[in-house]
Amino acid sequence: MIELRSIQDIRRAIRSAHRKGQQVGFVPTMGYLHQGHFSLIELAKEQAEFVVVSIFVNPLQFNNPDDLENYPMDLSRDERHLKELGVDLLFLPDREVIYGENFQSKVTAGPLAERHCGASRPGHFDGVVTVVSALFNIIQPDIAVFGEKDFQQLRIIEQLVEDLHFPVKILRGPLIREADGLALSSRNVRLNGQERVRARSISTALQEIAARVVSGPLPSQEIVDFINNKIREAGLTPDYVAVVDERTLLPTEIGRRGDRVLVAAFAGQVRLIDNQQL
Ligand code: AMP
């Protein structure tokens with residue numbers, strides 16, 4: 001695996017892969033990698049001969065300075081895993097490489113970013129689409145993989161690529177969970193023992209409600225109330241719960257099979273997100 005930090009070096013490596021007729025697959029991350037990230041990398045490897053992973057903790061997408069400050073990091077462990085997985089290139093840009101001294105232009109996410117996490121984290125998705133646009137322009141991948149764990153982000157990026165005609169195919173990676181159902185996240189390491197136990201309630205509530213909708217639609221409000229109650233009873237503080245149309249992310253009146261339930265909740269200081277297709 002080669003590790004590169006400059007745009008010039010990256011461009012040279014990508015040109016060389018393309019000259020060999022290789023498809024370039026890309027998995028952007030913020031590091032502290034886990035099985036969720038690895039599954040995206042495996043997907044990229046199935047679809048592309050040359051796989052690039054980036055690790056960049058993007059300051060522009062953190063609306064909360066404490067969250068940025070406390071974001072976990074372990075580069076040597078990440079490097080070990082990426083080598084084992086057979087990743088071809090690791091891009092490790094410094095902040096100044098992505099955002100030059102005179103940086104001023106940003107990309108704005110559209111209406112898909114207005115609700116849910118976008119409402120709770122002002123500016124977050126503008127930061128995401130800006131860095132993803134910059135990374136796409138630097139790496140020029142043929143394929144890029146994003147996880148369904150961040151379902152709103154995934155839809156926003158699919159829309160970005162469609163709207164701005166990025167020549168890249170977006171693949172969706174399924175949400176990977178711990179054995180007890182908790183959605184894997186780099187932030188889970190910040191949960192203490194009690195919070196970790198409480199955190200299970202999110203996925204349990206989502207599974208219970210999905211099982212109920214198998215036998216017929218339910219009013220969305222009933223679904224929202226059920227999940228809010230379950231996670232409150234467990235000792236978490238809900239941020240939002242919404243039943244939405246998969247494509248528009250607009251709330252639905254009735255929760256039907258194929259709709260998606262989005263959840264964000266706080267376990268202490270740690271904000272957790274999860275989602276489930278009904
Ligand atoms: P992050 O490092 O948190 O920015 O995530 C990088 C990519 O990994 C994003 O596309 C996420 O959606 C994806 N990802 C994070 N956690 C999971 C998970 N548990 N399952 C699947 N994909 C994930």
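Order of listing sets the numbers, starting from 1, for every ligand and every atom in it.
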Peer 1: If I compare all heavy atoms of R200 with all of D180, which pair ends up nearest, and what's the gap?
Peer 2: NE-OD2, 2.8 Å
Peer 1: Answer yes or no: does an N/O atom from G147 fall short of 3.5 Å to an N/O atom of ligand 1?
Peer 2: yes
Peer 1: Counting only heavy atoms closer than 4.0 Å, does ligand 1 sit against the backbone of S186, its side chain, both, or neither?
Peer 2: neither
Peer 1: Relative to ligand 1, is H37 under 4.0 angstrom through side chain, backbone, both or neither, heavy atoms considered?
Peer 2: side chain
Peer 1: Heavy-atom distances under 4.0 Å decide this one: backbone, side chain, both or neither, for H34 against ligand 1?
Peer 2: side chain
Peer 1: If you count heavy atoms of other groups shown closer than 6.0 angstrom to CD of E84, is the number above 12?
Peer 2: yes
Peer 1: For the side chain of Q152 and the backbone of L112, is there at least one donor-acceptor N/O pair under 3.5 Å apart?
Peer 2: yes
Peer 1: Among protein heavy atoms, which lies nearest atom 20 (N) of ligand 1, and at what distance?
Peer 2: I176 N, 2.9 Å
Peer 1: Any carboxylate oxygen within less than 4.0 angstrom of a Lys/Arg side-chain nitrogen, looking at E49 and K20?
Peer 2: no
Peer 1: Please work out which of L40, V57, T29 has its closest non-hydrogen atom nearest to atom 7 (C) of ligand 1.
Peer 2: L40
Peer 1: Return a yes/no value for F146: is any of its N or O atoms, backbone included, closer than 3.5 angstrom to an N or O of ligand 1?
Peer 2: no
Peer 1: Report the part of S39 in contact with ligand 1, treating N, CA, C, O as backbone and CB onward as side chain, heavy atoms under 4.0 Å; options are side chain, backbone, both, neither.
Peer 2: neither
Peer 1: Whether R190 engages the ring of Y71 as a cation-pi pair (distance to the six-membered ring centre under 6.0 angstrom, angle to the ring normal within 45°) should be assessed.
Peer 2: no
Peer 1: Please determine if L184 has a nitrogen or oxygen closer than 3.5 Å to a nitrogen or oxygen of ligand 1.
Peer 2: yes
Peer 1: If you measure from the Lys or Arg side-chain nitrogens to the Asp or Glu carboxylate oxygens, is any gap between R155 and E158 under 4.0 Å?
Peer 2: yes
